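Inspection log for the structure reproduced underneath, given as C-alpha cells.
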Amino acid sequence: MKEISSAYNPKETESKIYQKWLDSGYFNPDNLPGARTKTYNIVLPPPNVTGILHIGHALMLVIQDILIRYHRMSGFKTLWLPGTDHAAIATQSKVEAMIYKAEEKTRHDLGREEFLKRVEKYAQESHDTIIEQTKRMGASLDWSREAYTLDPDRNLAVKTAFKKMYDAGLIYRGNRMVNWDPKMQTTVSDDEIEWKDEITSLYYLKYGPFTIATARPETKFGDKYVVMHPEDKRYTQYTHGQQIELEWINGPVKATIIKDDSIDMEFGTGVMTITPWHDAADNEIAKRHNLDFEQIIDQKGKLLAIAGEFTGLHIKKARPLIIEKLQSKGLIEKIDEKYAHRIATNSRGGGIIEPQIMKQWFIDVNKEFELSPEQKLNFPASEKATLKKLMRHTVESGLIKIYPDHFQKTYFHWIDNLKDWCISRQIWYGHQIPVWYKGDQVHCGIEAPKESGWEQDPDTLDTWFSSGLWTFSTLGWPNKTKDMELFHPTSVLETGYDIIFFWVARMILMTTYLLEEIPFKTIYLHGLIRDKDKQKMSKSKGNIIDPLGVIDTYGTDALRIALIFSTAAGNDIPLAEEKIKGMKHFANKLWNIARFILSNTDDFETKIDQAKLTEADKEILSKLELATKEITENIEGLRLNEAAQAAYHFTWHELADIYIEASKAQLQDPELSANTKAVLAKTLKTTLKLLHPFMPFVTEEIWSNLNQKDLLMISEWEK
RNA sequence: GGGCGGUUAGCUCAGUGGUAGAGCAUCUCUUUGACGUAGAGAGGGUCAUAGGUUCAAAUCCUAUACCGCCCACCA
C-alpha cells in the first residue's frame with residue numbers, strides 16, 4: 001500500500017488542496033463540466049473591510065459553502081459570489097482614530113482627498129487579510145467575480161439606483177429629525193443606535209404652577225410648551241392653548257398649555273415641557289399641534305444664542321452651571337440622583353447621539369407608485385404600491401421564505417414601524433450623493449453637469465444603500481448582463497438574524513422597486529455565536545475564539561463540522577472548543593478508515609457482484625443508501641446540523657464500527673475477498689461524497705489517492 | 001410597555017408525536033496490522049413545573065417560574 005501517515009495532517013493538506021481547487025477553475029460556474037441547466041447562486045454577505053475574520057464569519061462561510069458544494073455536486077450551475085463591504089462609518093472612524101493617535105490630526109486637517117487616500121490604503125490592506133482568511137475556511141467562492149461595495153461598477157449601480165428613485169420622488173431632501181453624532185459629525189440611522197444604560201440625575205424643576213422632570217436641563221431654554229394628558233384630572237383647570245406667564249431660567253417666558261394623549265399620567269407629575277428640535281418624542285408632539293421648533297444646541301454640541309449667558313458653552317460644561325443658576329433662582333424642587341435611563345450612542349464608534357433637525361436625504365417608504373405590467377412580484381395590479389407594502393407583500397405572499405419562520409413576525413413588526421430612511425451621511429468614505437447644486441438649481445444624474453459652477457453635494461450615502469443593491473449590483477446591473485439573466489434572483493440569502501433589519505429588509509426594498517422582482521427566494525438566518533457563558537463574543541470581553549487559531553490547532557474541517565453539528569437554524573451557538581477537538585478526532589477517524597481500505601484495494605472501479613453479497617455487505621449498502629437519503633433530504637430542508645449528524649453517525653458507527661470489522665474476516669476468505677473490496681471501495685467513495693460539503697479538505701485529499709479522473713468537488717452526488 | 005426564544009446526561013448543545021442523542025468529562029477494558037490525537041464498553045436524564053389533548057407527549061395546547069434576546073417617543 002501507499003505510504004500514508006496514520007494521522008491526518010490538516011496543515012500540510014489544506015493549502016495544497018485549496019490551490020488545486022483554484023487551479024481547476026471549478027469555483028467559477030462557467031467552467032463547470034456538463035450541461036447544467038439549473039442554476040444555484042448565493043452572494044456572500046460582504047464582510048467589512050475593517051475587520052478580521054471572526055467566528056461568526058466562519059459560521060456563515062461554512063453554511064454557505066455546504067449549500068454551494070452540495071449543489072455543485074448535484075449538477076447545478078453553481079455560483080457563490082464574494083465581496084467586501086466598505087462599511088462607511090465604521091471604517092472612517094477607525095482610520096480617523098488611527099490618524100489622530102499617530103499624528104494628532106483630524107480628517108479636516110488632512111482634507112477630503114488626502115484623507116480618502118489614507119482610508120483606501122487601509123481598506124486595501126485590511127481587505128487582503130480577510131480574503132486570505134476566507135480562503136482558509138475552504139470557501140469555494142468564485143474569486144473571478146469578486147466585488148467591493150465601493151468599486152466603480154457598484155458606484156454606477158448606486159448612482160443609477162439613486163437617480164431612478166429620485167426621479168420617481170422616492171428619494172427626497174428635507175428637514176427632519178435625525179440622529180446626529182456630534183463626535184463624528186454625521187447622522188446615524190435608527191438601526192445603528194446602541195442604547196446604553198446610565199444612572200444620572202433627574203431634576204424636578206418648577207415651571208410656573210407645574211413641576212416638570214428632566215434629565216437634560218441644558219435643553220430647556222426654549223421650552224415654551226407645557227404638555228399634559230387631556231384626561232388628567234389634576235389639570236382640568238387648564239385648557240389646551242391657554243397661555244401662562246412664568247419665571248424661567250433666563251427670565252420670564254410665556255408658556256402655552258398643550259393637551260396630548262401621548263403623555264403618561266403615571267410618570268412624575270404627569271406634566272412635561274418639550275424640546276421639539278432635540279427630542280424625537282417631543283418632535284412628534286410638536287408636529288401634531290403645529291408648534292414652533294427652536295434649535296438650542298448646535299452641531300458641535302454647543303449652546304446657541306437662546307441660552308443667553310450660556311451661549312457658546314458645550315452642553316457638558318453648561319449643565320452644572322445651569323443647575324447652579326436654577327438652584328439660586330429657587331426653581332429646583334428636588335433632584336433624584338439615582339435615575340436610571342438609557343442614552344443613545346453611535347454603535348459605529350462615535351459618541352452620544354444628539355437628535356437634531358437637519359436637511360438630509362430620505363427614502364420615502366410610504367409614497368405610492370405604480371409597478372410596471374412586467375413586475376414579477378405578483379403584486380395586485382389594482383393596488384398602488386409603496387416600498388413598505390412591497391416589503392411586506394414579498395414575505396406575506398410566500399415569494400420569499402424565511403427560515404426559521406418565526407423571524408417573519410419580527411420582520412413584519414419592523415416594517416410596520418418603519419419610518420423614512422435617512423440615507424445621507426456627513427462622512428467622506430462612501431458613495432457621494434449624485435446630486436449637484438448651482439444656486440437654486442438641483443441636478444441629479446449619473447454624471448456631473450458639463451457647465452461650470454455646479455457643486456456636488458458633499459454628503460455620502462448610508463453604507464446600507466449600496467449593500468441593499470448587493471444581490472444584483474454584483475451581477476452587473478444596471479447593464480444587461482448574462483449573469484443577471486442567469487443568476488437573479490439568487491437562491492438563498494444566508495446571514496445572521498441580527499442583520500435582518502439593516503440589510504435583509506433593505507435588499508428587499510431596493511430590489512422590489514428597482515428590479516420589480518425578489519432578491520432571493522429563501523432567507524436562512526443563523527444564530528449568533530456566543531461563548532460558553534452565553535455572552536456575545538467581543539474584543540473588550542476577551543472571550544473571542546479566533547477561527548484561525550482554531551484552524552491551526554485542529555484543522556479547518558474540524559472547525560467546519562463542529563460549527564455546523566449542533567447548530568439549528570436561528571439558534572445562538574455557544575461554541576466550546578472541546579467540540580472542535582472532538583471533530584478533529586472524527587477527521588482522523590475518516591483518514592484511517594480510508595487508510596484501511598486503501599491498504600486492501602487499488603481498484604476503485606470494480607463492479608459489485610450482487611450474487612456474492614454477504615449479510616454484512618447488504619447491511620452496509622442499505623445503510624449507505626439510507627444515509628444518502630437522510631443527508632440529502634436534510635440539506636435540501638436546510639437542516640444542515642442533522643445532515644452532518646447523519647453523515648457522522650454513518651461513517652463512525654456503521655462503516656467503521658460494523659462493516660470494517662466484518663470485512664476483516666471476509667477479506668481473508670478467497671471466495672469473498674474480491675467482492676468485499678468492491679463493497680469497501682464503493683462505500684468509501686460515496687462516504688467521501690457525503691462528507692465533502694462538510695469536510696472538504698480531508699475528503700478531497702483522500703479522494704486524490706483513489707485514482708479518480710477528476711476532483712471530488714465536482715463528482716456526482718448520487719441521490 | 002410590546003414581541004420572540006430558551007429551560008434535555010456533570011458541562012456545552014442536537015432532537016418537534018412512537019423504545020432519549022452527540023462532543024467533552026467520569027469509570028473499566030484493549031498496546032489486535034485502519035485509527036493511542038485511538039478503539040471497545042459502562043455509568044449518568046421522572047426532557048423546568050402544573051394541568052390538558054392523544055392509543056402514545058421532550059415533541060402539540062394552556063398556565064406558572066427562571067434565563068436571554070429584539071423592538072418602543074416614558075419626560
Side-chain angles (χ1 to χ4, degrees), chain A residues 1 4-10 177 190-191 195 202-205 211-216 219-220 223 226-228 260 262-275 279-285 339 341-342 344 355 404 406-414 416-417 419 497-498 500-501 527-528 530-536 553-555 558 561-562 564-568 570-600 639 641-642 644-645 648-649 652-653 655-657 660-661 663-664 680:
Chain A
M1 103 142 225
I4 299 175
S5 153
S6 66
Y8 169 60
N9 185 336
M177 172 146 283
D190 290 345
D191 296 295
W195 293 90
L202 184 66
Y203 304 93
Y204 288 82
L205 309 179
T211 300
I212 58 160
T214 183
R216 302 199 58 195
T219 64
K220 295 282 139 190
D223 289 9
V226 55
V227 192
M228 59 206 67
D260 190 282
S262 70
I263 298 295
D264 179 1
M265 289 185 273
E266 308 291 312
F267 190 94
T269 56
V271 178
M272 70 173 195
T273 58
I274 55 170
T275 314
D279 184 282
D282 295 358
N283 189 273
E284 292 295 319
I285 294 172
Y339 176 64
H341 77 151
R342 302 186 313 160
H406 68 253
F407 281 109
Q408 279 197 15
K409 281 189 191 166
T410 316
Y411 174 80
F412 289 140
H413 184 256
W414 183 78
D416 293 341
N417 290 299
K419 288 179 280 188
Y497 69 71
D498 56 326
I500 181 166
F501 308 135
L528 306 184
R530 297 169 187 272
D531 71 3
K532 36 185 189 302
D533 302 319
K534 300 196 176 184
Q535 296 292 304
K536 267 190 190 174
T553 316
Y554 304 108
I561 197 159
I564 217 68
F565 205 79
S566 295
T567 305
N571 285 9
D572 285 352
I573 308 140
L575 184 68
E577 198 167 324
E578 291 77 46
K579 193 177 275 166
I580 306 169
K581 192 176 163 194
M583 290 305 158
K584 181 181 174 164
H585 295 331
F586 178 57
N588 200 51
K589 184 76 180 178
L590 178 66
W591 184 255
N592 281 292
I593 289 169
R595 227 160 60 92
F596 172 77
I597 297 176
L598 276 160
S599 70
N600 283 292
R639 297 176 297 271
N641 56 330
E642 291 184 55
Q645 287 177 34
Y648 177 95
H649 181 264
W652 204 309
H653 301 301
L655 176 55
D657 285 0
I660 286 196
E661 291 311 316
S663 77
K664 285 175 184 171
L680 281 170

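In what follows, every heavy atom counts, from backbone to side chain, and hydrogens, waters and symmetry copies are set aside. Treat the numbers as computed from the prediction; the structure is a model and nothing was measured. Lettering follows sequence order; numbering is per chain, from 1.
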Does a nitrogen or oxygen in the side chain of A:K409 sit under 4.0 Å from OP1 or OP2 of B:G3?
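Answer no for this pair, as no side-chain N or O of A:K409 is under 4.0 Å from OP1 or OP2.
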So if I take every side-chain heavy atom of [X] and compare against [options], which nucleotide ends up nearest?
X      : options             : result
A:F501 : B:A22, B:A75, B:C71 : B:C71
A:A7   : B:C73, B:A75, B:U37 : B:U37
A:K579 : B:C24, B:C13, B:A75 : B:C13
A:Y497 : B:C74, B:A75, B:C69 : B:C69

Please name all residues satisfying side chain to side chain donor-acceptor pair (under 3.5 Å) with [X], sequence neighbours left out, ordered by chain then number.
X      : answer
A:T269 : none
A:H649 : none
A:N641 : none
A:H341 : A:E198

Taking side chain to side chain contact (heavy atoms under 4.5 Å, CB included) as the definition, give me every residue that meets it alongside [X], ordered by chain and number, with sequence neighbours left out.
X      : answer
A:I263 : A:V227, A:H229, A:M272
A:F501 : A:D191, A:T410, A:W414
A:A587 : A:Y8, A:M695

If the [atom1] atom of [N] is compared with that of [M], how far apart are they to the nearest Å?
N     : M     : atom1 : result
B:G45 : B:U62 : P     : 31 Å
B:A22 : B:A14 : P     : 16 Å
B:A63 : B:G5  : P     : 14 Å
B:C13 : B:C69 : P     : 14 Å
B:U26 : B:C60 : C1'   : 37 Å
B:U19 : B:C27 : C1'   : 26 Å
B:G15 : B:U59 : C1'   : 9 Å

Under a 3.5 Å distance rule, please check whether A:N592 uses its side chain to pair with a backbone N or O of A:S6 as donor and acceptor.
yes
Tell me what A:Y411 touches on the nucleic acid: a base, only sugar-phosphate, or nothing, going by heavy atoms under 4.0 Å.
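No contact.
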With sugar-phosphate meaning primed atoms plus P, OP1 and OP2, does A:G270 contact a base, only sugar-phosphate, or nothing at under 4.0 Å between heavy atoms?
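Since a base atom lies under 4.0 Å of A:G270, the category is base.
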In the strands shown, is [N] matched to any nucleotide by a Watson-Crick or G-U wobble pair with both distances under 3.5 Å, and which?
N     : result
B:U64 : B:A48
B:A9  : none
B:U59 : none
B:U16 : none
B:C69 : B:G3

Side chains of A:H413 and A:N417 in contact at under 4.5 Å (non-hydrogen atoms):
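In short, these two side chains touch, coming nearer than 4.5 Å.
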For A:K664, which residues count as a salt bridge (charged side-chain N to carboxylate O under 4.0 Å, His left out) partner, sequence neighbours excluded?
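Only A:E661 meet the salt bridge (charged side-chain N to carboxylate O under 4.0 Å, His left out) criterion with A:K664.
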What pairs with A:D223 under salt bridge (charged side-chain N to carboxylate O under 4.0 Å, His left out), at least two apart in sequence or on another chain?
A:K220
Please produce a list of atom pairs where a protein N or O lies less than 3.5 Å from an N or O of nucleotides 58-63 of chain B.
none

Expressed as a whole number of angstroms, how long is the span from [X]:[atom1] to [N]:[atom2]?
X      : N     : atom1 : atom2 : result
A:H413 : B:C4  : NE2   : C1'   : 11 Å
A:I500 : B:G5  : CD1   : P     : 14 Å
A:Y648 : B:C13 : OH    : C1'   : 14 Å
A:E578 : B:U26 : CD    : P     : 12 Å
A:F407 : B:G5  : CZ    : P     : 9 Å
A:H653 : B:A22 : NE2   : P     : 6 Å
A:D416 : B:G2  : CG    : P     : 18 Å
A:L202 : B:C74 : CG    : C1'   : 11 Å

Please list, pair by pair, any protein nitrogen or oxygen found under 3.5 Å from a nitrogen or oxygen in nucleotides 31-36 of chain B.
from  : atom 1 : to     : atom 2 : distance (Å)
B:A34 : OP1    : A:K664 : NZ     : 3.3
B:A34 : O3'    : A:R595 : NH2    : 3.1
B:A34 : O2'    : A:N592 : OD1    : 2.9
B:A34 : O2'    : A:R595 : NE     : 3.3
B:A34 : O2'    : A:R595 : NH2    : 3.0
B:A34 : N7     : A:K664 : NZ     : 3.3
B:A34 : N6     : A:E661 : OE2    : 2.9
B:A34 : N3     : A:N592 : O      : 3.2
B:C35 : O4'    : A:N592 : OD1    : 2.9
B:C35 : O4'    : A:N592 : ND2    : 3.4
B:C35 : O2'    : A:N588 : ND2    : 3.4
B:C35 : O2'    : A:N592 : ND2    : 3.3
B:C35 : O2     : A:K589 : NZ     : 3.0
B:C35 : N3     : A:K589 : NZ     : 3.2

Can A:K579 and A:S566 be said to form a side-chain contact (heavy atoms from CB on, under 4.5 Å), step by step?
CA-CA 10 Å; A:K579 193 177 275 166; A:S566 295; 3.1 Å; yes
Could you pull out the protein-nucleic contacts involving nucleotides 14-18 of chain B (nitrogen or oxygen on both sides, under 3.5 Å)?
from  : atom 1 : to     : atom 2 : distance (Å)
B:A14 : OP1    : A:N571 : ND2    : 3.1
B:A14 : O5'    : A:S566 : O      : 3.2
B:A14 : O3'    : A:N641 : ND2    : 3.3
B:A14 : O2'    : A:N641 : ND2    : 3.4
B:A14 : O2'    : A:Q645 : NE2    : 2.6

